[in-house]
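Each ligand, and each atom within it, is numbered from 1 in the order the structure gives. Just so it is clear, the structure is predicted and the values come from calculations on it, not from any experiment.
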Amino acid sequence: VKKTFDLEKLENIIDQFSQERDWNQFHSAKNLSMALSVEASELLEIFQWMTEAESNAVILNEEKFTHVQEEVADILVYLIRLSSRLNINLEEAVLSKMKKNALKYPLGKN
Ligand SMILES: [Mg+2]
C-alpha cells in the first residue's frame with residue numbers, strides 16, 4: 001500500500017467541495033470538531049460488541065471493511081477541514097506532538 005499522499009491536494013478538493021455547496025457558513029471550528037467526533041463514533045459503531053479478534057478480522061469481511069474505510073475517510077476529511085479552517089499545519093502538529101509524547105513516555109519506563 002502506498003503510504004504517502006498529497007495533503008494539499010486533498011485539502012483543496014475538500015475546501016472546493018464545501019465552497020461549491022456554500023457550506024463554509026456551517027464549518028466553524030466548533031461544528032467541525034463535533035462532526036469529527038460523530039464520524040469517529042460511526043467508526044466505533046462498526047466494532048461495537050465485536051470481540052477484539054473479530055475486530056482485527058474485519059479486513060476479511062468485504063462489506064464491513066468497506067464501511068471501515070469510508071468512516072476512516074470521513075474522519076480524515078473533517079480533520080483536514082478543521083486544520084484548514086484554523087491554519088494548522090498537520091505535519092508540523094503531529095511531529096511536534098510526537099516529540100512531546102516521547103518525553104512523556106520515555107523508553108524503558110512503560
Ligand atoms: Mg460517516
Side-chain angles (χ1 to χ4, degrees):
V1 180
K2 186 170 155 262
K3 289 289 185 186
T4 58
F5 63 83
D6 187 340
L7 180 59
E8 203 173 321
K9 179 179 146 194
L10 297 184
E11 186 177 311
N12 288 336
I13 289 169
I14 294 162
D15 286 350
Q16 193 187 337
F17 186 93
S18 300
Q19 202 167 342
E20 286 168 350
R21 285 155 186 81
D22 199 21
W23 286 352
N24 287 352
Q25 54 181 321
F26 307 115
H27 287 178
S28 63
K30 177 186 76 83
N31 285 353
L32 290 169
S33 299
M34 290 194 296
L36 177 58
S37 176
V38 168
E39 296 302 340
S41 294
E42 287 178 2
L43 176 63
L44 175 60
E45 194 174 26
I46 299 169
F47 296 112
Q48 193 181 19
W49 309 122
M50 283 186 192
T51 65
E52 290 189 38
E54 284 166 348
S55 72
N56 290 331
V58 78
I59 194 167
L60 303 173
N61 181 320
E62 197 183 323
E63 192 185 331
K64 279 198 177 127
F65 188 51
T66 297
H67 193 181
V68 167
Q69 290 176 85
E70 287 174 351
E71 299 307 343
V72 165
D74 283 341
I75 291 166
L76 186 58
V77 165
Y78 277 120
L79 191 59
I80 289 172
R81 184 81 180 129
L82 178 64
S83 302
S84 170
R85 289 309 291 248
L86 296 179
N87 283 321
I88 291 169
N89 181 315
L90 269 176
E91 184 175 6
E92 280 175 16
V94 170
L95 292 176
S96 161
K97 189 57 170 57
M98 288 308 294
K99 265 188 204 162
K100 246 183 156 173
N101 289 348
L103 292 173
K104 190 174 177 185
Y105 306 104
L107 286 177
K109 285 197 170 182
N110 307 302

Asker: Closest to the Mg ion (ligand 1), which N/O/S atom of Glu39 is it?
Answerer: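 So the atom name we want here is OE1.
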
Asker: Are a donor atom and an acceptor atom from the side chains of His67 and Glu63 found within less than 3.5 Å of each other?
Answerer: no

Asker: Suppose we only allow N, O or S atoms; which atom of Asp74 ends up nearest to the Mg ion (ligand 1)?
Answerer: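 Atom name returned: OD2.
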
Asker: Name whichever N, O or S atom of Glu42 ends up nearest to the Mg ion (ligand 1).
Answerer: OE1

Asker: I need the single residue from His27, Arg85, Arg81 that forms a side chain to side chain donor-acceptor pair (under 3.5 Å) with Asp15. Which is it?
Answerer: Arg81

Asker: Can you find a pair of side-chain heavy atoms, one from Ile13 and one from Gln16, that are under 4.5 Å apart?
Answerer: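 They are not in contact (no side-chain heavy atoms under 4.5 Å apart), so the answer is no.
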
Asker: To make sure I understand the geometry: which N, O or S atom in Glu71 is closest to the Mg ion (ligand 1)?
Answerer: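 Nearest N/O/S atom of Glu71: OE1.
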
Asker: Can you find a heavy atom in the side chain of Val38 that is under 4.5 Å from one in the side chain of Met34?
Answerer: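 No, their side chains stay 4.5 Å or more apart.
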
